[in-house]
Amino acid sequence: MSQYNDFYGGGGGGGYVAGSPYGGANSPGGFGRKSETSHSLRPMTIHQLLSANQAHADADWMLDDTEIGQVTIVAHIASVQVQATNSQYILDDGSGRIEVRRWIDSSVEDESEKLGIVEGVYVRVLGSLKMFGNKKYINATHIRPVSSPAEIYFHVLEAMTVTLIWERGPPPRPGQSPQEGVPKSSVYSAQPVQSTDSEQYAHLPKLHRAIVAFMQKQPPSEVGVHVGAIARAVGGDAVSISDALDKLSDEGLAFSTIDESHYQLAT
């Protein structure tokens, strides 16, 4: 789909202003995630980003039971503030406003104004959702002006399409019935929780047993169960869920898998 490729461009090319090393994959301001979702790119609206949540400070961002990795938005620059180490943009796409920060590499000339990344224009931003001082912002890795008015509409439609696919599954292919196009439940789907009567877990507090029961009901997976899914299924605040998982790990009943946000029961 040539239009899709034109709109997204290449890494650092196609008129993008790239972020500094501070926004790299393994840097303090970058992604640093191990799961596959963290390396995927999802088109979103600002309202969706503002509605995302974390089970705890180190957990992945989630929206409607779906893990969020890297994101892209298309929005209007309402204001620009250039500082010594970073440029801050307030972006508005009609669904909300969010701050975007792009770190500046002092060894490279800033070409933002030359490329037309100024107040009053529409831009496409690629980056990751972050939180500082209870305020969400996007840590940008690439920013560029939109290539045409059609890109704005394309992005809105694409964000809607991706959201519906996550909610309802992909549309059926030619000759496929609608039921065949609906995916089976995933580890991120909240399901009814029943406590376990196993003697192995009988000594555990109620919350811990509920966590175990929920994890036992999930399909086998090397990735494990996301803490966000656990929190939504069993209830409780982020601290209590984190403490419970720590205790299960200390007792050898559970262990983290691909990162500190995914757990699996010990067999």
Side-chain angles (χ1 to χ4, degrees), residues 31-42 44 47-71 128-132 134-136 162-169 182-267:
F31 306 114
R33 294 295 184 194
K34 300 179 182 178
S35 62
E36 293 183 3
T37 306
S38 66
H39 300 295
S40 64
L41 180 66
R42 176 173 174 175
M44 302 182 73
H47 176 75
Q48 287 180 308
L49 291 174
L50 296 177
S51 300
N53 57 77
Q54 290 175 300
H56 56 79
D58 296 323
D60 295 307
W61 288 99
M62 302 285 289
L63 177 68
D64 298 330
D65 299 330
T66 305
E67 184 179 342
I68 300 173
Q70 301 179 48
V71 301
S128 58
L129 185 62
K130 300 290 182 180
M131 173 84 82
F132 181 76
N134 294 322
K135 181 181 180 181
K136 295 174 184 173
V162 170
T163 299
L164 288 173
I165 288 176
W166 275 113
E167 290 179 353
R168 308 177 185 180
V182 178
K184 298 180 180 179
S185 60
S186 71
V187 295
Y188 303 114
S189 301
Q191 299 181 14
V193 177
Q194 298 177 357
S195 61
T196 176
D197 296 326
S198 171
E199 293 182 0
Q200 182 181 7
Y201 308 112
H203 67 287
L204 296 173
K206 181 178 179 180
L207 176 61
H208 299 57
R209 294 199 306 272
I211 292 175
V212 170
F214 174 71
M215 295 177 70
Q216 287 178 326
K217 292 180 177 294
Q218 305 311 303
S221 170
E222 294 182 357
V223 173
V225 185
H226 194 281
V227 294
I230 296 174
R232 281 186 295 276
V234 305
D237 58 83
V239 175
S240 62
I241 297 296
S242 179
D243 290 343
L245 289 170
D246 286 342
K247 182 176 180 179
L248 291 173
S249 298
D250 292 341
E251 295 193 14
L253 300 175
F255 59 93
S256 59
T257 56
I258 58 174
D259 56 30
E260 294 303 317
S261 297
H262 292 80
Y263 283 81
Q264 194 171 73
L265 289 178
T267 55

Spacing of [atom1] belonging to [X] relative to [atom2] belonging to [Y], to within rounding of 0.5 Å:
X: Met44; Y: Gln70; atom1: CE; atom2: CD; result: 13.0 Å
X: Asp60; Y: Ser128; atom1: CG; atom2: OG; result: 11.0 Å
X: Gln218; Y: His226; atom1: CD; atom2: NE2; result: 13.0 Å
X: Leu253; Y: Tyr263; atom1: CG; atom2: OH; result: 13.0 Å
X: Asp250; Y: Leu245; atom1: CG; atom2: CG; result: 11.0 Å
X: Leu129; Y: Lys136; atom1: CG; atom2: NZ; result: 6.5 Å

Minimum heavy-atom separation for [X] and [Y], please, with both atom names.
X: Gly252; Y: Ala266; result: O-CB, 3.3 Å
X: Val234; Y: Ala210; result: CG1-O, 3.7 Å
X: Leu265; Y: Met215; result: N-CE, 3.7 Å
X: Ile211; Y: Ala244; result: CD1-CB, 3.6 Å
X: Pro205; Y: Lys247; result: CD-NZ, 3.9 Å

Under a plain distance cut-off of 3.5 Å, with no hydrogens placed, do His208 and Glu251 share a side-chain donor-acceptor pair?
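The criterion, which ignores hydrogens and geometry beyond distance, is not satisfied for His208 and Glu251.
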Would you say the side chain of Val162 lies within less than 4.5 Å of the side chain of Arg42, judging by non-hydrogen atoms?
yes
Do Leu248 and Leu204 have side-chain heavy atoms sitting under 4.5 Å apart?
yes
Given side-chain contact (heavy atoms from CB on, under 4.5 Å), test Asp243 with Leu207 step by step and report yes or no.
CA-CA 10 Å; Asp243 290 343; Leu207 176 61; over 6 Å; no
Quick one: do Asp64 and Gln48 satisfy side-chain contact (heavy atoms from CB on, under 4.5 Å)? Show the steps, please.
CA-CA 10 Å; Asp64 298 330; Gln48 287 180 308; 5.8 Å; no
